[in-house]
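What follows is a set of notes on a single structure, which appears directly below.
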Amino acid sequence: IGNLYVFLPYSVTTQSTTVQLASSNVESYTKVKPVSLSDSTISYGPYSNIAPFTEAEMSVHGENNNPMLVVTRLERVIELSMWGNIAVEETIDVAHKGAQLKGSFSRYEYQRE
């Protein structure tokens, strides 16, 4: 969800927006003309003579089953000895924050679909 038009304090002569999705499965998207959908790309515009601070909601709902790694904690320790040696130790905690499962997997529910 975001703004369909660029949010600027001055007028815009022309604007085009392209949204590249992870897959070609698009559930829904904002249909403000002119708009086109081809495979995994949604193209909005060109729009002409946009007034300053123009707002219009743009919503795209697509499928993405790829894992998304997020750094939850990053710690960097730099040790400098009196003889000029430098030691760097990094501790990085990552977590998968992509699509989460809804409860446990059920073969019965999977076969029903």
Side-chain angles (χ1 to χ4, degrees):
I1 297 177
N3 194 2
L4 182 63
Y5 305 110
V6 64
F7 195 74
L8 295 173
Y10 45 86
S11 61
V12 177
T13 307
T14 57
Q15 174 192 336
S16 296
T17 303
T18 303
V19 179
Q20 184 71 39
L21 302 170
S23 72
S24 60
N25 296 335
V26 179
E27 298 290 328
S28 64
Y29 62 97
T30 303
K31 296 175 178 75
V32 176
K33 292 185 180 180
V35 61
S36 66
L37 171 67
S38 78
D39 199 30
S40 62
T41 304
I42 302 172
S43 299
Y44 290 97
Y47 300 111
S48 303
N49 302 322
I50 303 167
F53 302 114
T54 301
E55 292 184 78
E57 185 177 284
M58 178 180 71
S59 176
V60 176
H61 182 197
E63 181 181 278
N64 183 9
N65 292 324
N66 298 328
M68 295 181 193
L69 286 180
V70 175
V71 176
T72 57
R73 184 175 151 268
L74 171 65
E75 179 182 347
R76 181 176 294 142
V77 178
I78 301 174
E79 183 180 319
L80 178 63
S81 72
M82 56 191 277
W83 295 281
N85 295 331
I86 298 175
V88 178
E89 179 184 345
E90 290 183 338
T91 305
I92 302 170
D93 293 341
V94 294
H96 168 61
K97 297 292 184 181
Q100 302 295 320
L101 294 175
K102 295 184 212 170
S104 60
F105 177 75
S106 168
R107 175 71 60 191
Y108 174 72
E109 291 294 327
Y110 181 73
Q111 289 177 345
R112 287 182 56 196
E113 293 178 0

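In this chain, numbering begins with 1 at the start of the sequence shown.
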Atom pair NE2/OG1 of His61 and Thr30 - distance to nearest 0.5 Å: 12.5 Å
Heavy-atom neighbours of Glu79 CD exceed 12 at 6.0 Å: no
Step-by-step side-chain contact (heavy atoms from CB on, under 4.5 Å) determination, Val71 to Ile92: CA-CA 7 Å; Val71 176; Ile92 302 170; 4.1 Å; yes
side-chain hydrogen bond (donor to acceptor under 3.5 Å, both in side chains) contacts touching residues 7-19 (sequence neighbours left out): Gln15-Thr17
Pairs where residues 14-42 contributes a residue and the test salt bridge (Lys or Arg N to Asp or Glu O under 4.0 Å) is met, not counting sequence neighbours: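 Listed by first then second residue: nothing to list.
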Inter- and intrachain pairs under salt bridge (Lys or Arg N to Asp or Glu O under 4.0 Å), touching residues 46-75, at least two apart: Arg73-Glu75, Arg73-Asp93
Hydrophobic cluster membership, Val94 vs Leu74, 4.5 Å side-chain cutoff: yes
Student check: side-chain heavy atoms of Tyr47 and Leu4 closer than 4.5 Å: yes
Side-chain heavy atoms of Ile42 within contact of Leu21, under 4.5 Å: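 Ile42 reaches Leu21 side chain to side chain.
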Those residues that, when tested against Tyr44, pass ring pair (Phe, Tyr, Trp, His ring centres under 6.0 Å) (two or more places apart):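 So Tyr44 forms no ring pair (Phe, Tyr, Trp, His ring centres under 6.0 Å) with any residue.
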Residues forming a ring pair (Phe, Tyr, Trp, His ring centres under 6.0 Å) with Phe7, sequence neighbours excluded: Phe53
Contact summary for Pro46 and Pro34, nearest pair of heavy atoms: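 Heavy-atom minimum between the residues: O-CG, 3.9 Å.
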Over all atoms of both residues, closest heavy-atom pair of Glu90 and Arg76: OE2-NE, 2.7 Å
Full working for side-chain contact (heavy atoms from CB on, under 4.5 Å) between Leu37 and Tyr29: CA-CA 9 Å; Leu37 171 67; Tyr29 62 97; 3.7 Å; yes
Hydrophobic cluster of Ile86, others only, ordered by chain and residue number, side-chain cut-off 4.5 Å: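 Ile78, Leu80, Val88, all in the cluster of Ile86.
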